[in-house]
2 protein chains.
Amino acid sequence: MISNRDDLRRQLAAAGIKPTFQRTIILEAVQGRNGHPAVRDLHQRLVRDAPTLSKTTLYSTLELFARKGLIAALYIDPAEVRFDGLPGPHHHFACTACGRILDIDIACATGQCGRIHGHRIDEVHGYFKGLCRDCLAAGRVPRAPSVPRHKSPRRKSHA
Amino acid sequence: MISNRDDLRRQLAAAGIKPTFQRTIILEAVQGRNGHPAVRDLHQRLVRDAPTLSKTTLYSTLELFARKGLIAALYIDPAEVRFDGLPGPHHHFACTACGRILDIDIACATGQCGRIHGHRIDEVHGYFKGLCRDCLAAGRVPRAPSVPRHKSPRRKSHA
DNA sequence: GTATATGCAAAGAATTTGCACTATG
DNA sequence: CATAGTGCAAATTCTTTGCATATAC
């Protein structure tokens, strides 16, 4: 909580982004170590501070942040995009019992090299699935059997 | 093409799945090395053999196959689930220019261990993003800037 | 004042669900 | 006939798009 709003506004300005009130609190929410929120989560959390905040603004702002490298979008949960305040390259762990997505402070060495089989590597994405420490201890079991599903998109999307 | 329909039916039976005509041709299509098809691709391709084949059947069948371990679902493309005939654990490469998803015959050593930070690892997922060899040679550039998007889902989905 | 940001409402699309029909033994 | 598989149609909901309004420099 030391990093106040002014700090965030500075971050935005440094990225060439006009630091509006909405953008400031959105960045704050994604960077705050509150897991890896989806748009739905962010909206629920932020309407308290900004009652008129729309999902449209959330979508466009988060896309902007991702494009500028301030945050990263995670496609681990097939049901919705999750966002990551990313300090640097790292992996993730998705618990099939509690549904949380945790940061894993390792980066696969394999991906470090800039080229594999002749392909130029720009991004490395890695995540694990299983039961987190807490759920193991509590004896919880996976909810949905590890059978993936997706959601419904649009036309663009190619990333 | 050597592995005929009887072979596929045997695979299905071995997995405890009743080998209907639809299931047979669906498995054939996913295993056939035609990239990593989405439901849309499979439907377009298979209606030629089975004009009444519905997307509903595709969805339920693919989920069944994934649950039984015959195939794997890939969530790399935020716009739609892709399916993989999977021979074993491997990574993937998504080209941001041509949109193809290629198999990468490596498996991150980090993920092999059954436990990380106390979490039990059941699945390891890794993929790279960049420009594939062909697109590099052809001088093609990324389509959408590496800004992710998703699609629209349902309520379940937790895997 | 002009460009940019925000937001409401409506559209778009992958995926799911309900139910009726068909096939199999 | 009873069980399981298939498919049409309707529903669901994330994400996008089109303006209209509000804000910022």
Side-chain angles (χ1 to χ4, degrees), chain A residues 9 12-13 16-27 37-44 46-47 49-68 73-83 144 147-159, chain B residues 9 12-13 16-27 37-44 46-47 49-68 73-83 144 147-159:
Chain A
R9 297 173 74 85
L12 289 170
I17 297 172
K18 212 178 285 186
T20 67
F21 173 65
Q22 287 91 335
R23 288 172 172 176
T24 306
I25 64 174
I26 292 171
L27 183 59
V39 169
R40 177 169 38 79
D41 304 317
L42 291 168
H43 191 254
Q44 287 176 6
L46 293 175
V47 280
D49 280 10
T52 70
L53 182 69
S54 69
K55 286 192 179 167
T56 305
T57 298
L58 270 173
Y59 278 108
S60 73
T61 301
L62 291 165
E63 186 196 36
L64 175 67
F65 287 179
R67 187 151 28 86
K68 297 290 191 176
L74 304 180
Y75 296 121
I76 295 174
D77 182 346
E80 53 198 349
V81 202
R82 305 288 209 98
F83 294 90
V147 185
R149 277 162 174 103
H150 228 237
K151 42 302 292 281
S152 51
R154 215 130 302 70
R155 62 231 61 97
K156 282 188 186 177
S157 281
H158 219 303
Chain B
R9 298 174 75 86
L12 289 171
I17 298 173
K18 209 179 286 185
T20 67
F21 173 66
Q22 287 90 334
R23 289 171 172 178
T24 307
I25 64 174
I26 292 172
L27 183 59
V39 168
R40 178 170 36 80
D41 303 318
L42 290 169
H43 191 255
Q44 287 176 6
L46 293 175
V47 280
D49 280 10
T52 71
L53 182 70
S54 69
K55 285 191 179 170
T56 304
T57 298
L58 270 174
Y59 277 107
S60 72
T61 301
L62 292 166
E63 186 195 36
L64 176 66
F65 288 179
R67 188 152 25 85
K68 297 290 191 176
L74 304 180
Y75 296 121
I76 296 174
D77 182 346
E80 56 199 346
V81 202
R82 304 288 209 98
F83 293 91
V147 185
R149 276 160 174 105
H150 229 240
K151 43 300 291 287
S152 52
R154 217 129 304 70
R155 60 231 59 96
K156 282 187 185 177
S157 280
H158 220 303

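Reminder, nothing fancy here: chain letters follow the sequence lines and each chain counts from 1. In what follows, every heavy atom counts, from backbone to side chain, and hydrogens, waters and symmetry copies are set aside.
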Next item on the list: Mind running side-chain contact (heavy atoms from CB on, under 4.5 Å) on A:Val39 and A:Glu80 for me, showing each step along the way?
Entry: CA-CA 8 Å; A:Val39 169; A:Glu80 53 198 349; over 6 Å; no
Check: Dot-bracket for DNA chain D, 5' to 3', counting Watson-Crick or G-U wobble pairs under 3.5 Å, with [ ] for crossing pairs and | for inter-strand pairs?
Finding: |||||||||||||||||||||||||
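Straight-line distance from the OH atom of B:Tyr59 to the P atom of C:dA14: 7 Å, rounded to whole Å. Between the CD atom of A:Gln22 and the P atom of C:dT4 there is a distance of 17 Å, rounded to whole Å. Between the CZ atom of B:Arg23 and the C1' atom of D:dG7 there is a distance of 14 Å, given to the nearest Å. In this structure, A:Leu64 atom CG and D:dT15 atom C1' are separated by 17 Å, rounded to whole Å. Computed from coordinates, the B:Leu53 CG to D:dG5 P distance equals 15 Å when rounded to whole Å. Rounding to whole angstrom units, NZ of residue B:Lys55 and P of C:dA14 are separated by 6 Å. Summarising the geometry, the separation between NE2 on A:His43 and C1' on D:dT13 is reported as 15 Å, rounded to the nearest angstrom. Rounded to whole angstrom, the span from the CZ atom of B:Arg82 across to the P atom of C:dT15 amounts to 11 Å.
When each of B:Thr20, B:Leu12, B:Leu46 is checked for a side-chain contact (heavy atoms from CB on, under 4.5 Å) with B:Ile26, only B:Leu46 meets the rule.
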Polar pairs (N or O, both sides) under 3.5 Å between protein and nucleotides 19-23 of chain D?
none

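Distance from the side chain of B:Val39 is smallest for C:dT15 among the nucleotides C:dT15, D:dA4, C:dT6. Closest approach to the A:Glu80 side chain among C:dT17, D:dA4, D:dT15 is made by D:dT15 (side chain taken as heavy atoms from C-beta onward). With D:dT6, C:dG7, C:dA5 as the candidates, the nucleotide lying closest to the side chain of A:Ser54 is C:dG7. The side chain of B:Thr52 has D:dG7 as its nearest neighbour among D:dT15, C:dG7, D:dG7. Comparing C:dT15, D:dC8, C:dG7 against the side chain of A:Thr57 picks out C:dG7 as the nearest. Among the nucleotides D:dG5, D:dG7, C:dT15, the one closest to any side-chain atom of B:Lys18 is D:dG5.
In this structure, the salt bridge (charged side-chain N to carboxylate O under 4.0 Å, His left out) partners of A:Asp49, at least two apart in sequence or on a different chain, are A:Arg5.
The minimum heavy-atom distance linking B:Leu42 with B:Leu62 is given by the pair CD1-CD1, 3.8 Å. Taking every heavy atom of both residues into account, B:Arg23 and B:Lys18 meet most closely at NH1-O, 3.0 Å.
When the side-chain nitrogen and oxygen atoms of A:Thr20 are compared with OP1 and OP2 of C:dT6, one or more of them lie within a distance under 4.0 Å.
Put simply, CZ on A:Phe65 and CG on A:Leu58 are 9.5 Å apart, with the number rounded to the nearest 0.5 Å. Annotation: the span from A:Thr24 atom OG1 to A:Ile17 atom CD1 amounts to 10.5 Å, rounded to 0.5 Å.
A heavy-atom distance below 4.5 Å is not found between the side chains of A:Arg82 and A:Ile76.
Not a single donor-acceptor pair under 3.5 Å links the side chain of A:Thr57 to the backbone N or O of A:Leu53.
Mapping A:Ser60 and B:Arg40 onto DNA chain C via the closest heavy atom, the residue that lands nearer the 5' end is A:Ser60.
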